[in-house]
Chemist: 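I'd like to ask you about the structure that follows.
Order of appearance sets the numbers: ligands from 1, and atoms from 1 within every ligand.
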Amino acid sequence: METELLSVVAGSHGREAIARAASLLRAGRLVAFPTETVYGLGALALDPAAVAGIFAAKGRPSFNPLIVHVASIEAAKALVREWDDRAQAFAEAFWPGPLTLVLEKAPSVPDAITAGLGAVAIRIPAHPVALALLEEVGAPVAAPSANLYTTISPTTAAHVLKSLGGRIDAILDGGATPIGIESTVLDLTGSVPVLLRPGAVGAEELSRSFGPLGHPSAMPEESSARVSPGQARKHYAPAGRVRSFSSPESLGGLLAGLGPGARAGVIARSARPEWASVAAWLQLPDDPAGFARQLYGALHALEDAGATDFFLEEVPASAAWDGVRDRLSRAAG
Ligand code: TXA
Ligand code: MG
């Protein structure tokens, strides 16, 4: 199929582009759209055939559940069995925003969305284009990151086109996404909230207002979302061999071991030392938010530059870097 490009950024066609994207979604088609974290691949969440299209386009295994995006807390309530005070408090504190809440699902939510689990993941995104689109669609929209399974998530429309061009109906181009890594996923099905995926909202920020968080391994047997099945070890991975390094000295050793045809690409917070002969060295900001914003773009850029070997500098062990550290370790498999 031909993938339609609908631009919100270029010129005065924003409204028309969003209206076109919404009408495609309402017709059961697949449309990628920007959120504040990464681009999502949208389809009507309550339409099992449309949802099946997401899994087919991404090559995503059916055991990996999807996040449902809504425009209001009212719309979220309709998707869950019970909306309690705790869900209300998290939603009021963090929505619209990069926090996904996992709650026992309502019967109307198809099994394909939850991969057969009894719980559904929901968020209200904070991107103006995403919100306008959701309002125009008037129904919940399921959206995983808009990339082929296990590959690098997209932070621009060009990244989506590279991964899913020809496989989806349209891409709504709203420019680069401001946060750059995926939402934090928090399970609220048990007595203690459990962090299933670190992300844009830090664990410290969550526990400051709501007390300590549990760990996935400590979740009770009866919890329906005991595991976050999407958390495959290898994820967000560029095409090539990926390794991490802790210091310029250790990188030196790794580079010395490369074969003659290798093209090394480095992502680091530090500047390139004189001696490092590599095909590309991308220096990212030395703060977690700035680093997150540019990480996937840097991985895509090295991939596009034909890097065969990716070297990722380790980031600090502090909680502020949790989301970034998780993505770096998964990129390395
Ligand atoms: O920022 C984001 O969350 C982006 C944008 C597009 O919203 N979406 C995203 O979706 O990252 P995806 O499909 O790439 O990641 C969804 C994550 C996976 O780790 C999945 O296992 C978890 O959410 N998840 C979804 N439904 C769940 C459920 N019912 N129980 C537990 N984990 C769930
Ligand atoms: Mg993803």
Chemist: Touching ligand 1 at all, A143? Heavy atoms, strictly under 4.0 Å?
Modeler: yes
Chemist: Show me the donor-acceptor pairs, under 3.5 Å and distance only, between side chains in residues 71-80 and residues at least two apart or in other chains.
Modeler:
{"residue": "S72", "atom": "OG", "partner": "A75", "partner atom": "N", "Å": "3.1"}
{"residue": "E74", "atom": "OE2", "partner": "K77", "partner atom": "NZ", "Å": "3.3"}

Chemist: Just checking, is any N or O donor in the side chain of E182 or S153 under 3.5 Å from an acceptor N or O on the other one?
Modeler: yes
Chemist: For ligand 1, which part of R60 has a heavy atom less than 4.0 Å away: the side chain, the backbone, both, or neither?
Modeler: side chain
Chemist: Would you tell me which option among P34, A200, P65, G40 has the nearest heavy-atom contact to atom 24 (N) of ligand 1?
Modeler: P65
Chemist: What I want to check is whether the side chains of R197 and S183 have a donor and an acceptor closer together than 3.5 Å.
Modeler: yes
Chemist: Which atoms from ligand 1 have a heavy atom of T37 less than 4.0 Å away?
Modeler: 1 (O), 2 (C), 4 (C), 5 (C)
Chemist: With heavy atoms of N64 as the reference, note each atom of ligand 1 found under 4.0 Å away.
Modeler: 20 (C), 21 (O)
Chemist: If we set the cut-off at 4.0 Å for heavy atoms, which region of T114 has an atom near ligand 1: side chain, backbone, both, or neither?
Modeler: neither
Chemist: Please confirm whether H69 comes within less than 3.5 Å of ligand 1 when only nitrogen or oxygen atoms on both sides are compared.
Modeler: yes
Chemist: Using a 4.0 Å cutoff against the non-hydrogen atoms of S145, which atoms of ligand 1 qualify?
Modeler: 8 (N), 9 (C), 10 (O), 12 (P), 14 (O)
Chemist: Using a 4.0 Å cutoff against the non-hydrogen atoms of V102, which atoms of ligand 1 qualify?
Modeler: 30 (N)
Chemist: Which atoms of ligand 1 are found less than 4.0 Å from any heavy atom of A119?
Modeler: 29 (N)
Chemist: Look at ligand 1 and say whether P125 reaches it with a heavy atom at a distance under 4.0 Å.
Modeler: no
Chemist: Check R167 against A56 and note the closest heavy-atom contact, atom names and distance.
Modeler: NH2-O, 3.2 Å
Chemist: Nearest 0.5 Å please: distance from the CD1 atom of I168 over to the CD atom of E4.
Modeler: 11.0 Å
Chemist: Working to the nearest 0.5 Å, report the span between NE2 of H69 and OG1 of T35.
Modeler: 6.0 Å
Chemist: For atom 10 (O) of ligand 1, which of the options P144, S153, S183 provides the nearest non-hydrogen atom?
Modeler: P144
Chemist: Could you see which bit of E182 sits under 4.0 Å from ligand 1, with heavy atoms only: side chain, backbone, both or neither?
Modeler: both
Chemist: Any idea which part of L196 is under 4.0 Å from ligand 1, heavy-atom wise: side chain, backbone, both or neither?
Modeler: side chain
Chemist: Which residue, W83, F210, W95, forms the ring-ring contact (aromatic ring centres under 6.0 Å, His included) with F90?
Modeler: F210
Chemist: Partners of Y296 by ring-ring contact (aromatic ring centres under 6.0 Å, His included), sequence neighbours excluded?
Modeler: Y236
Chemist: What are the protein N/O/S atoms, named by residue and atom, that sit under 2.8 Å from the Mg ion (ligand 2)?
Modeler: S145 OG
Chemist: To the nearest 0.5 Å, tell me how far D85 CG sits from E92 CD.
Modeler: 9.5 Å
Chemist: So among L206, T100, D322, T37, which one has a side-chain contact (heavy atoms from CB on, under 4.5 Å) with T184?
Modeler: L206
Chemist: I need the contact type for R123 against ligand 1. Using non-hydrogen atoms and a strict under-4.0 Å cut-off, is it side chain, backbone, both or neither?
Modeler: side chain
Chemist: Using side-chain contact (heavy atoms from CB on, under 4.5 Å) as the criterion, point out the one residue from L255, L302, I267 that pairs with F311.
Modeler: L255
Chemist: Are R123 and E36 within salt-bridge range, i.e. N to O under 4.0 Å?
Modeler: yes
Chemist: Could you name each residue pair satisfying ring pair (Phe, Tyr, Trp, His ring centres under 6.0 Å) that touches residues 312-333, not counting sequence neighbours?
Modeler: F291-W321
